[in-house]
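Worth saying up front: this structure is predicted, and the values here are computed from it rather than measured. In this chain, numbering begins with 1 at the start of the sequence shown. In listed order, ligands and their atoms are each counted from 1.
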Amino acid sequence: MTDARLPESARLRERAASLVPAWTHTLSKNPTQWMQGTAPAFLARGAGAHVWDVDGNRYVDLPMALGPIILGHAHPVVNEAITKQLQDGITFTLPHPIELEVAETVLERVPGAERVRFGKTGSDATSAAVRLARAVTGREHVLAAGYHGWHDWFIATTTRDIGVPKAVKELSGTFAYGDLESLRAQLEVREGKVAAVVLEPSGAEVPADGYLQGLIDLAHEHGALVVFDEVITGFRLGPGGAQERYGVRADLVAFGKALGNGMPISALAGPAKYMDVLNDVFFSGTHGGEVLSLAAARATLGVLDAAAYERLYSAGAWLRERVEASVTAHDVGHLVTVSGEDPRTLVLVSEPEGAEGLWAKSLVQQEMARKGVLYNGNNFICLAHTDEDLEQVADAYDAGLSALAKGLTDGPQGVLALLESEAVSPAFRAVR
Ligand SMILES: Cc1ncc(COP(=O)(O)O)c(C=O)c1O
């Protein structure tokens, strides 16, 4: 993997190879997920909806650091909150009162929540939810749909489960999102054993009418708690997240990403009858209650008013329409879908029959990077995406899909022939 267009990216990638196993600390940032040579390997800075790579090229960001940057990079209000707090210290031996202020704001916004605990990562929040559900129910099994983080209980259900004990794998299962019968079958096979049903309430698939309430009722019939993983949807689909948007109440709700506009903070919220069991269940860390992130959360929540959500929805809807028009114009609807809620749509590219890798996805990413847009499938709309940025993004999608259509005229090999570097890899490829 060498490249003349992005020399500093290439140099740093080589340097990382002997320093950092798998190059990066986050799978989605890995060079195997980005078309090396066209997309950069390292970014140096960001402002608003833009980022600059280490070679000085500017891009419109769509993954927005994998979701947290809901206001924009280096947002002035958040920056000011962080720098002001920085003068007074980062973290302390005892809690800081800002914890309570942010707790009150979160509880005002999250339907049904009476208590909240803060963590640092989404994985903290979902894993605390699972431990708490086990403690509440006295059961050990967990059923999951979606992605929930790097801890054993969830990774046990994936193809990247190397290193996860067999005993843990036996306790974790999956069900198909959107299909109550799939969940029912799993609950029956594990009758009386399931502590928690954990799901992303809305993602690539938006819930059909009645699905989420049906799932909650079904889980309760079988004595399991329902954990909504709102690490992505929380504070993005609206102040009260997916619970508010779809008018349902989960037993426990995990938050992360948008809460801190990029600062590491997550939260677990729910009614007192469950959350107060955390008086005894161990969920604790050195950086719990770290104050810079809480200051960022307070500032972020302050900016996320009704007008902000209107903008996230209208900008997302505009982009969705433009991408759908390009899909139609280039006749690639058999491979390319546009789905999800407007503040975070997904443009997913599947592979033509006969492709031996993610050739089509790679080509779209390559061509979009060439047009100055970072694409990985997620359109995380932020408040800083201007109409002009979205116009650039829509044009880049059009160029990517046009290239795909052109390649496809010669079948999968035609797509491969247009790739200028090794195709990107599936995130959850089998590793054994
Ligand atoms: C829905 C969902 N849940 C949980 C997580 C895990 O969050 P983190 O990576 O902050 O641990 C993620 C991360 O992408 C996520 O998208």
Side-chain angles (χ1 to χ4, degrees), residues 22 24-30 33 61-70 110 117-133 142-158 160 164 172 174-175 177-178 196-207 212 215 226-237 241-243 245-246 250 252-270 283 285 287-288 290 293 296-297 300 339-341 343-346 348 374 376-382 426-428:
T24 60
H25 315 281
T26 308
L27 176 59
S28 306
K29 301 180 185 181
N30 194 282
Q33 302 299 304
D61 197 357
L62 282 178
M64 298 312 296
L66 320 175
I69 309 294
I70 192 165
V110 176
R117 280 283 300 269
F118 295 114
K120 302 310 295 175
T121 68
S123 302
D124 285 353
T126 57
S127 299
V130 165
R131 183 175 292 171
L132 177 54
V142 180
L143 295 173
Y147 175 77
H148 306 296
W150 75 274
H151 292 305
D152 279 1
W153 72 267
F154 172 68
I155 291 303
T157 69
T158 73
R160 279 199 180 244
V164 176
S172 291
T174 57
F175 62 96
Y177 180 89
V197 172
V198 186
L199 73 157
E200 289 183 66
S202 178
E205 257 185 273
V206 168
L212 292 174
L215 174 138
V226 173
V227 178
F228 272 10
D229 176 346
E230 295 223 43
V231 168
I232 287 178
T233 55
F235 308 106
R236 176 169 286 277
L237 297 192
Q243 287 196 108
R245 181 145 181 83
Y246 306 116
L252 294 169
V253 188
F255 298 98
K257 303 219 191 236
L259 177 56
N261 197 51
M263 288 296 277
I265 182 163
S266 61
L268 178 64
F283 174 33
H287 298 295
E290 168 269 305
S293 296
T300 301
S339 63
E341 291 276 14
R344 181 256 187 152
T345 49
L346 295 101
L348 300 178
L374 294 182
N376 77 349
N378 285 288
N379 297 333
F380 278 108
I381 303 295
C382 82
F428 276 92

Near ligand 1 (heavy atom, under 4.0 angstrom), the protein residues are T121, G122, S123, Y147, H148, G149, E200, D229, V231, I232, K257

Any sub-3.5 Å donor-acceptor pair from [X]'s side-chain atoms to [Y]'s backbone N or O?
X    : Y    : value
Y177 : V206 : no
K120 : P264 : yes
R160 : A427 : yes
K257 : G122 : no
S339 : A204 : yes

May I have the list of side-chain donor-acceptor pairs in residues 142-150 shorter than 3.5 Å, sequence neighbours left out?
| unit_1 | atom_1 | unit_2 | atom_2 | d |
| --- | --- | --- | --- | --- |
| H148 | ND1 | D229 | OD2 | 2.6 |
| H148 | NE2 | A145 | O | 3.0 |

